[in-house]
S.K.: 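This structure is in structure tokens; I'll ask about it shortly.
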Amino acid sequence: MRLTILGGGGFRVPLVYGALLTDRGEGRVTEVVLHDLDPGRLQAVMRVLAEQAGAVADAPAVSATTDLDKALDGADFIFSAIRVGGLEGRAHDERVALAEGVLGQETVGAGGVAYGLRTVPVAAEIARRVAALAPDAWVINFTNPAGLVTEAMSRHLGDRVIGICDSPVGLGRRIAKTLGGNPREAWIDYVGLNHLGWVRALHIDGRDQLPRLLADPELLGSFEEGKLFGVDWLQSLGAIPNEYLHYYYFNREAVRSYQQADKVRGAFLHDQQARFYEELKRPDAPALTVWERTRAEREATYMSENRETAGAGERDADDLSGGYEKVALALMRAIARDERTTLILNVRNRGTLTALDSEAVIEVPCLVDANGAHPVAVAPLPDHATGLVCAVKAVEREVLAAAESGSRANAVKAFALHPLVDSVNVARKLVEGYTAVHPGLGYLR
Ligand code: G6P
Ligand code: MN
């Protein structure tokens with residue numbers, strides 16, 4: 001079984017490889033092909049993987065290439081984990097928006113729109129290459145903004161592309177543990193778009209235990225989302241939102257604290273990773289140790305501004321271990337070995353949310369087997385959530401239209417319609433600001 005990783009020189013690739021090393025079963029991945037535009041990054045990551053493989057018998061063989069067609073040829077699974085414009089691009093996404101007084105975040109608000117505008121044309125081109133060279137491969141999309149990018153790719157690959165994110169899994173795990181249940185046995189009623197979903201029920205032993213959590217302020221305030229959103233607001237909502245909804249429900253505070261931060265997140269990660277890749281140029285650098293140290297620092301500082309405005313304190317130790325590599329591995333196993341399982345994934349709607357058309361990619365629990373991911377029926381969303389989901393999906397559709405037509409007017413519309421952008425004038429300025437700093441937006445006319 002061959003797995004190709006696009007963005008193979010990326011910082012989080014060792015997480016994926018680490019997960020593969022734990023898989024000893026029949027039909028596991030035996031060959032990993034890393035693809036990246038930057039040979040230096042590939043080399044650095046190869047060194048970390050070599051140390052991870054160390055004494056592990058039959059560790060998957062790793063090779064690297066900068067040739068996309070070679071990388072795709074013969075792949076059974078393709079992980080797409082690219083970052084168009086790099087972390088420097090992400091820093092610009094944040095800064096341009098914050099300078100206009102609106103949220104600039106990797107996936108949410110104006111920053112997410114800018115990142116989508118840059119990424120969709122590249123992801124669509126990759127999808128076309130996959131359709132031509134590896135039509136039977138399954139593509140697992142990690143690339144953010146994950147829902148939008150998955151939808152762009154699905155226009156070429158249909159249901160053979162599946163988007164993943166670790167945030168719903170982390171949320172479900174925290175709620176189940178708070179309730180004293182086993183996260184693996186819990187049934188989580190979650191739905192929305194990527195980074196825009198709500199847990200409305202969580203069944204343990206055949207009963208919805210969420211009402212018990214919502215009724216108990218002490219329990220409710222004891223885990224990440226309780227601290228972030230506050231007990232009162234969660235009780236009013238009657239649901240537990242994905243942590244990314246903090247950018248919506250506490251937008252003003254989030255914008256202010258990001259404006260005041262020493263560095264935007266993209267710049268922090270950029271500097272941190274530049275040091276990592278630089279250090280690994282030294283032949284005697286302890287690659288795995290340096291990587292682990294860098295990763296720990298990244299995890300500890302995740303959403304720190306949001307937690308600060310909410311007075312939420314440090315992250316729980318359990319939340320520092322990541323998790324999206326586990327979702328990816330579970331998904332790949334379920335498909336490759338027909339090991340039926342349920343995972344929260346980004347797939348086409350097919351009637352799940354009645355307010356959206358069937359092609360719209362949503363985030364929802366899916367039954368996964370050798371035939372792919374099949375969304376399950378969930379309870380309908382309340383009006384306030386449907387409103388947000390529809391508004392943000394309309395923005396995503398404008399991004400897709402802009403990427404296809406190259407029209408600036410579509411790009412302005414995408415920003416202007418976003419619930420976190422409060423003026424058409426601001427939207428126009430955002431397009432000006434972003435096109436000035438991003439070469440990847442040169443296609444907008
Ligand atoms: C969460 C999100 C991902 C995101 C990651 C890293 O896991 O679900 O989509 O890429 O956080 O965020 P960071 O700010 O560290 O890049
Ligand atoms: Mn995510």
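Counting starts at 1 for both ligands and their atoms, in listed order. Side-chain atoms are counted along with the backbone in the values below, which use heavy atoms only and exclude waters and symmetry mates. All values reported here derive from a predicted model rather than from experimental measurement.
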S.K.: Do the side-chain N and O atoms of Q105 and T107 include a donor-acceptor pair separated by under 3.5 angstrom?
M.R.: yes
S.K.: Could you check whether K227 pairs with E243 (Lys NZ or Arg NE/NH1/NH2 to Asp/Glu carboxylate O, under 4.0 Å)?
M.R.: no
S.K.: Within the protein, flag every N or O under 3.5 Å from an N or O of ligand 1, and note the pair and distance.
M.R.:
| unit_1 | atom_1 | unit_2 | atom_2 | d |
| --- | --- | --- | --- | --- |
| ligand 1 | 7 (O) | D166 | OD1 | 2.6 |
| ligand 1 | 7 (O) | D166 | OD2 | 3.0 |
| ligand 1 | 8 (O) | D166 | OD1 | 2.9 |
| ligand 1 | 8 (O) | H195 | NE2 | 3.2 |
| ligand 1 | 9 (O) | N144 | ND2 | 2.9 |
| ligand 1 | 9 (O) | H195 | NE2 | 3.3 |
| ligand 1 | 10 (O) | R12 | NH2 | 2.9 |
| ligand 1 | 10 (O) | N144 | ND2 | 3.3 |
| ligand 1 | 14 (O) | R90 | NH2 | 2.8 |
| ligand 1 | 14 (O) | R265 | NE | 2.8 |
| ligand 1 | 15 (O) | R265 | NH2 | 2.7 |
| ligand 1 | 15 (O) | R298 | NE | 2.9 |
| ligand 1 | 16 (O) | R90 | NH1 | 2.8 |
| ligand 1 | 16 (O) | R90 | NH2 | 3.4 |
| ligand 1 | 16 (O) | R298 | NH2 | 2.7 |

S.K.: Tell me the protein N, O or S atoms under 2.8 Å from the Mn ion (ligand 2), in chain and number order.
M.R.: C165 SG, H195 NE2
S.K.: Measuring centre to centre across the rings, with the benzene-like ring taken for any Trp, is Y190 within less than 6.0 Å of W198?
M.R.: no
S.K.: More than 12 heavy atoms of other residues, nucleotides or ligands under 6.0 Å from CD of Q43: is that the case?
M.R.: no
S.K.: Can you tell me which residue among V364, N141, V327, I140 is in a side-chain contact (heavy atoms from CB on, under 4.5 Å) with L345?
M.R.: V327
S.K.: Does the pair R397/E151 count as a salt bridge with the N-to-O cut at 4.0 Å?
M.R.: yes
S.K.: Can you tell me if CD on E125 sees more than 12 non-hydrogen neighbours from other groups inside 6.0 Å?
M.R.: yes
S.K.: Please report whether the ring centroid of Y434 lies less than 6.0 Å from that of F415.
M.R.: yes
S.K.: State whether Y324 and R12 meet the cation-pi test: NZ (Lys) or CZ (Arg) under 6.0 Å from the six-membered ring centroid, and within 45° of the perpendicular axis.
M.R.: yes
